Amino acid sequence: MSMNHSKNYLVVSRIYVAVAMFLSVLVAMFEPTSVSFLSIQQTQAPPFLMYSALLLCGVAMADVIVNDFAPDKYKFGWALNYRHLVYMGLAVLSFSLSVGIIAIFGNSLFLCRLWLDGTVATVVAFLDILGRRGYSGSKIYIQPN
C-alpha cells in the first residue's frame with residue numbers, strides 16, 4: 001500500500017470519528033428518548049461537560065475540513081499540531097458515554113458502537129503521532145532516552 005493511500009484512509013477515519021462522536025453528543029443532549037440522554041440525566045452530568053464535548057467534536061470536524069481539504073494557506077495549525085490530543089479526547093468521550101450507559105442500564109449492544117468509535121479514535125491518534133515522528137510504513141525504531 002502506498003503512503004498516499006494510507007493518508008487517505010486516515011482522512012476517512014478522522015471524518016468517521018469526528019462525525020460519529022458529534023452525532024453521539026447531539027443525541028445525548030437533545031434526544032430525550034435515547035439511552036444516552038437518559039443515562040446523562042440520571043447520572044446528573046453537569047451541562048458544561050456536554051457543551052465541552054460538543055466543542056471538542058467541533059474542533060475535530062474543523063480540523064478535518066480545514067487541515068485535510070482546504071488549501072495550505074488556510075491550515076488550522078493548533079489542531080494540526082495537537083491532533084492526537086483531540087482524537088484521544090474523542091476516545092475518552094466515547095468510552096465515558098459508554099460507562100454512563102453501563103452504570104444506569106447495564107450491558108447493551110449499543111455499547112459496541114461507542115467502543116468501536118473510541119478504538120478508532122485511539123488508533124487515529126496513535127497513527128498521527130507515528131506520522132509526525134517520520135514513520136514511513138516499514139519499521140519502527142524506538143530508542144531509549
Side-chain angles (χ1 to χ4, degrees), residues 1-137 140 142 145:
M1 175 177 6
S2 73
M3 193 60 150
N4 192 25
H5 288 303
S6 63
K7 286 184 181 181
N8 290 339
Y9 291 137
L10 280 174
V11 171
V12 170
S13 299
R14 283 194 295 271
I15 292 169
Y16 167 75
V17 171
V19 172
M21 290 311 303
F22 181 71
L23 292 175
S24 293
V25 171
L26 283 180
V27 166
M29 290 177 73
F30 301 113
E31 187 59 44
T33 59
S34 72
V35 173
S36 301
F37 182 91
L38 295 174
S39 68
I40 288 171
Q41 293 291 31
Q42 289 185 11
T43 57
Q44 297 177 351
F48 79 89
L49 286 178
M50 293 310 295
Y51 290 117
S52 299
L54 199 58
L55 179 66
L56 181 65
C57 293
V59 168
M61 290 175 52
D63 169 52
V64 168
I65 292 167
V66 174
N67 290 328
D68 292 326
F69 296 112
D72 286 342
K73 66 180 182 177
Y74 298 113
K75 295 296 182 195
F76 187 27
W78 179 88
L80 192 58
N81 292 333
Y82 296 103
R83 178 180 273 169
H84 61 287
L85 295 177
V86 171
Y87 286 92
M88 283 309 297
L90 291 177
V92 168
L93 172 62
S94 181
F95 293 128
S96 297
L97 284 173
S98 68
V99 168
I101 292 171
I102 290 170
I104 303 300
F105 298 104
N107 291 330
S108 169
L109 284 176
F110 175 70
L111 297 172
C112 295
R113 191 189 67 85
L114 290 172
W115 292 341
L116 175 66
D117 293 347
T119 303
V120 172
T122 303
V123 169
V124 166
F126 179 72
L127 292 176
D128 179 65
I129 292 169
L130 284 181
R132 281 193 277 126
R133 290 192 172 251
Y135 176 66
S136 63
I140 301 174
I142 300 175
N145 292 332

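Atoms considered below: every heavy atom in the structure, side chains included; atoms not considered: hydrogens, waters and symmetry mates. It should be emphasised that the depicted structure is a prediction, and the values quoted were computed from it without experimental measurement.
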What distance do [X] atom [atom1] and [Y] atom [atom2] have between them, rounded to the nearest 0.5 Å?
| X | Y | atom1 | atom2 | value |
| --- | --- | --- | --- | --- |
| Leu23 | Ser36 | CG | OG | 11.5 Å |
| Ile129 | Leu85 | CD1 | CG | 7.5 Å |
| Leu38 | Glu31 | CG | CD | 10.0 Å |
| Ser96 | Leu90 | OG | CG | 11.0 Å |
| Leu54 | Met21 | CG | CE | 11.0 Å |

Trace of the side chain to side chain contact (heavy atoms under 4.5 Å, CB included) decision for Tyr74 with Asn67: CA-CA 8 Å; Tyr74 298 113; Asn67 290 328; over 6 Å; no
Are Val27 and Phe37 close enough, and set up right, to give a side chain to side chain contact (heavy atoms under 4.5 Å, CB included), and what steps lead you there? CA-CA 7 Å; Val27 166; Phe37 182 91; over 6 Å; no
Taking the side chain as everything from C-beta on, heavy atoms only, tell me whether [X] gets closer than 4.5 Å to [Y].
| X | Y | result |
| --- | --- | --- |
| Cys57 | Leu93 | yes |
| Ile40 | Leu97 | yes |
| Ser24 | Leu114 | yes |
| Val124 | Tyr16 | no |
| Tyr87 | Arg14 | yes |
| Leu111 | Phe95 | no |

Can you check side chain to side chain contact (heavy atoms under 4.5 Å, CB included) on Val17 and Asp117, steps first, answer last? CA-CA 6 Å; Val17 171; Asp117 293 347; 5.9 Å; no
[X] and [Y]: which non-hydrogen atoms are nearest, and at how many Å?
| X | Y | answer |
| --- | --- | --- |
| Arg113 | Ala20 | NH1-O, 4.2 Å |
| Trp78 | Val59 | CZ3-CG1, 3.8 Å |
| Ser94 | Gly118 | OG-N, 3.4 Å |
| Val25 | Ala53 | CG2-CB, 4.0 Å |

Evaluation steps, side chain to side chain contact (heavy atoms under 4.5 Å, CB included), between Leu130 and Leu127: CA-CA 5 Å; Leu130 284 181; Leu127 292 176; 4.3 Å; yes
No-hydrogen, no-angle side-chain donor-acceptor test under 3.5 Å, Ser98 and Trp115: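 Distance-only check passes for Ser98 and Trp115.
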Residue pairs involving residues 41-58 (criterion side chain to side chain donor-acceptor pair (under 3.5 Å); sequence neighbours excluded):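 Found none.
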Looking at residues at least two apart in the chain, or sitting in another chain, which of them share a salt bridge (charged side-chain N to carboxylate O under 4.0 Å, His left out) with Arg83?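 With neighbours one apart ignored, the set is Asp63, Asp68.
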Apply side chain to side chain contact (heavy atoms under 4.5 Å, CB included) to Pro46 and list each qualifying residue two or more places apart in sequence or on a separate chain.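 In terms of side chain to side chain contact (heavy atoms under 4.5 Å, CB included), with neighbours along the sequence ignored, Pro46 is linked to Phe48, Leu49.
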